[in-house]
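Because the structure is a prediction, the values reported are computed rather than measured. Protein chains get the first letters and strands the later ones, always in sequence-line order, with residue 1 at the start of each. Because only heavy atoms are used, hydrogens play no part in the values below, and waters and symmetry mates are left out as well, while side chains stay in.
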2 protein chains.
Amino acid sequence: MADGPMQIRKLGHSVTIKDIASHLNMAHSTVSRALNDRSHISSATKQRVKEAAEKLGYVANLSARMIRGDAGLLVGLIIPDVQNDFYSSISKELADRCRKAGLRMLLAITDDDPETEQNEIRALLEARVSGVVATLTATPTSGTLTLLEQIPSVQLVRRHAKLKSAAVCMADVAGCQAAAEHLLALGHRNIAYVGTSKTISTGRDRLRGFLEAHKLRGVEPLAGGVELVPPRQEYGYDAIARVLALKEKPTAIMIGSSELTIGGLRAVREAGLAVPGDVSLVGYGDPVWFDLLTPALTAVALPVSALADSAAQQLFRQIDQGQGDVPVKPLVHKITPNLVVRESTGPRKRRK
Amino acid sequence: MADGPMQIRKLGHSVTIKDIASHLNMAHSTVSRALNDRSHISSATKQRVKEAAEKLGYVANLSARMIRGDAGLLVGLIIPDVQNDFYSSISKELADRCRKAGLRMLLAITDDDPETEQNEIRALLEARVSGVVATLTATPTSGTLTLLEQIPSVQLVRRHAKLKSAAVCMADVAGCQAAAEHLLALGHRNIAYVGTSKTISTGRDRLRGFLEAHKLRGVEPLAGGVELVPPRQEYGYDAIARVLALKEKPTAIMIGSSELTIGGLRAVREAGLAVPGDVSLVGYGDPVWFDLLTPALTAVALPVSALADSAAQQLFRQIDQGQGDVPVKPLVHKITPNLVVRESTGPRKRRK
DNA sequence: GATATGTCGGCACACGTGTGCTTATGTCAA
DNA sequence: TTGACATAAGCACACGTGTGCCGACATATC
């Protein structure tokens with residue numbers, strides 16, 4: 001008595017199964033088996049061990065567990081930016097699915113910088129993730145690709161030719177084609193397009209959809225009306241400003257990236273133009289606030305939940321079947337985005 | 001010749017320093033020292049080892065590194081929701097600071113659910129994070145608190161009386177007092193307040209600021225004009241709707257949470273009221289899009305960067321000084337938010 | 001040429017957990 | 001009573017990395 005709670009632990013040194021074992025006068029292997037509900041253990045012993053673990057404040061050491069290499073406990077998600085609504089939603093959705101599958105998700109943010117990307121992926125591999133869902137930079141390092149080939153991976157949204165892994169993408173061509181067709185059907189003939197570089201698969205496909213819609217209608221795209229810039233708000237602002245200053249003014253603008261949409265909205269607002277009176281606007285993405293704008297923004301809504309579902313499913317399957325030595329043909333799952341028509345698009349005003 | 005690249009590795013079994021060692025006919029300890037630039041190694045050997053490591057595709061095993069317990073490599077961030085602009089910004093900023101300090105940040109999302117919170121924190125402890133920055137649930141489990149006490153921690157934004165660790169918060173009282181004073185100075189006398197429960201420190205403080213401003217002006221708060229609800233968009237929508245339906249209608253509404261602001265904006269929009277003509281509006285937070293609204297929203301802007309700075313600084317200091325056995329008095333660092341006046345607040349219309 | 005000094009690399013162990021093998025104990029059937 | 005067998009718990013090793021200690025060897029100094 002009077003010895004208190006047994007002087008449990010020096011700070012910084014946590015309780016181990018050995019501590020529990022010596023506390024209970026048995027071998028640490030017995031404790032291990034008890035805690036993991038293995039066979040060949042009397043239920044009485046299990047009980048005692050679990051109680052002792054609880055009492056001593058035992059917390060398992062993940063590193064020690066993982067060192068043997070057998071268990072697959074972690075997966076990684078690589079994205080350019082958490083502040084972007086789309087990616088933060090993906091993070092949340094994927095994390096949920098991982099949790100349900102008994103996995104923990106590690107988040108890696110690249111800032112769309114190839115070097116950071118390589119470092120982050122290396123860090124994920126050092127943590128021995130069993131697989132990765134990745135939205136890569138436009139121009140990944142060769143090191144990045146080499147590293148990625150070592151583990152199961154699923155490309156999300158952006159698709160790289162050099163990478164042989166599965167891909168879960170949006171049907172960008174169809175999505176943008178529908179958006180452009182919407183504008184054409186409203187009578188617009190001078191439609192500007194502001195999107196991202198063709199070096200990214202999404203940039204390529206979205207522009208293609210835009211042009212395809214014109215082709216089907218037999219309409220010539222607005223001369224000088226296509227601006228391709230990196231996906232950052234400032235560039236969106238600048239690009240929209242340039243497009244608005246064209247000699248032959250656009251009566252509608254279509255934006256092919258959520259970041260560019262934010263900058264673009266600011267440019268349109270500063271130009272003091274009426275929407276959709278002076279110019280119709282189609283944005284990209286579907287953050288909660290698009291419909292709070294005045295006018296509410298017509299936009300290509302991204303199927304976040306379906307993307308996360310498919311990516312998780314693909315990844316888990318690959319992990320389960322042991323990295324698929326079987327060269328599954330690089331599956332590309334395309335999910336169709338939804339054009340949500342709100343108030344920012346209207347019929348062409350026949351002014352002249 | 002013709003033996004190819006030496007049949008490097010069976011899938012799923014990665015290259016270890018032992019592999020490098022046997023490849024080079026030396027002891028694994030030599031390899032370890034070479035890779036870590038330790039002393040007692042000739043630079044020639046270092047060179048050879050590093051080249052071999054590169055060639056064989058060696059990736060260090062973090063688990064093996066961490067198992068010895070000496071190194072502090074990880075920290076955790078616990079937040080209720082990544083989709084919230086504020087927390088996604090905090091995630092980004094803190095991750096950057098950790099990276100600069102040579103640490104990796106693990107993200108844990110609680111969904112504001114105490115049970116999930118406890119599980120996530122346990123997972124962080126299993127990963128042996130050296131410290132944690134946490135925005136806890138309103139009512140954390142006792143298990144959560146017990147776990148948190150085992151490691152250095154910094155409370156972010158929300159402050160819990162039961163927890164003795166340092167806290168980095170906003171000066172919520174001052175922030176909301178300034179916002180309310182702004183409205184009072186514009187002549188408003190019927191001001192509604194929609195915020196979060198008083199069980200959260202932020203909810204408490206913000207309401208206090210609101211009331212304090214009234215007191216200083218000698219104005220009686222609007223009867224029935226205070227609504228306290230959980231921080232979710234739906235509740236914000238409902239609460240604002242209720243407030244708008246009061247017998248004595250408010251001429252201004254102040255919202256004390258970013259989530260509630262989103263729901264509230266939707267309610268005001270649906271009510272078809274002119275802002276600030278019929279009702280002035282002050283929101284909370286500062287996502288990129290507040291100034292894209294029509295009218296642009298006056299809001300209490302949160303000092304994200306300063307908060308992240310201070311939290312990181314606090315945490316790193318605690319970690320460095322070995323968990324501070326020295327009972328540092330629970331430091332509370334308060335950072336003043338900024339009232340950003342835009343277009344959604346205007347003078348009271350003297351109608352009656 | 002012998003000893004002191006310094007450099008380089010190997011041996012062996014530690015970290016916390018899981019597991020195959022072995023031993024000890026008890027139970028039941030022949 | 002003995003042997004077959006199930007159950008419980010311990011011993012020893014493995015995982016990948018880092019490090020204290022010691023031996024091997026080269027160079028410098030007397």
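We find that CD1 of B/I67 is positioned 11 Å from C1' of C/dG18, with the value rounded to whole Å. Rounded to whole angstrom, the span from the CE atom of B/M26 across to the C1' atom of C/dG10 amounts to 12 Å. When the C1' atom of C/dA14 is taken as reference, atom CZ of B/R65 falls 17 Å away, rounded to whole Å. The interatomic distance linking A/I41 (CD1) with D/dT7 (C1') rounds to 10 Å, in whole Å. Rounded to whole Å, atom C1' of C/dC15 lies 15 Å from atom CG of A/L62. Here the P atom of nucleotide C/dC15 and the CG atom of B/N61 are 18 Å apart, to the nearest Å. If you take CD of B/Q47 and C1' of C/dG9, they are 18 Å apart, rounded to a whole angstrom. Rounding to whole angstrom units, CG of residue A/L24 and P of D/dA8 are separated by 17 Å.
Of the possible donor and acceptor atoms, one in the side chain of B/H160 sits under 3.5 Å from a partner among the backbone N and O of B/T137. With hydrogens and angles disregarded, a donor-acceptor distance shorter than 3.5 Å links the side chain of B/R128 to the backbone of B/L125.
Counting non-hydrogen atoms under 4.0 angstrom, A/R38 reaches the backbone sugars and phosphates but no base. Heavy atoms of B/S29 sit under 4.0 angstrom from at least one base atom. Using a 4.0 Å heavy-atom distance criterion, B/S32 is classed as a base contact. Contacts of A/N25 with the nucleic acid, taken as non-hydrogen atoms under 4.0 Å apart, involve only primed sugar atoms and P, OP1 or OP2.
Between B/K92 and A/D81, no side-chain nitrogen of the basic residue sits less than 4.0 Å from a carboxylate oxygen of the acidic one, so the salt-bridge criterion is not met. Between A/K55 and A/E51 no salt bridge is recorded (no basic side-chain N to carboxylate O distance below 4.0 Å).
Residue B/R33 has its side chain nearest to C/dG10 when only C/dG10, D/dT17, D/dC11 are considered. Closest approach to the B/N36 side chain among D/dG18, C/dT17, C/dC8 is made by D/dG18 (side chain taken as heavy atoms from C-beta onward). In this structure, the nucleotide among D/dG18, C/dT19, C/dG9 sitting nearest to the side chain of A/R68 is C/dT19.
Applying the 4.0 Å criterion to OP1 and OP2 of C/dG9, one finds that B/T45 has a side-chain N or O inside that range. In this structure, B/S42 reaches the C/dG9 phosphate: one of its side-chain N or O atoms is under 4.0 Å from OP1 or OP2.
With contacts defined as side-chain heavy-atom distances shorter than 4.5 Å, the pair A/R99/B/E120 qualifies.
For D/dG16, the base has no donor-acceptor partner in the side chain of B/H28 [N/O atoms by modelled type, under 3.5 angstrom].
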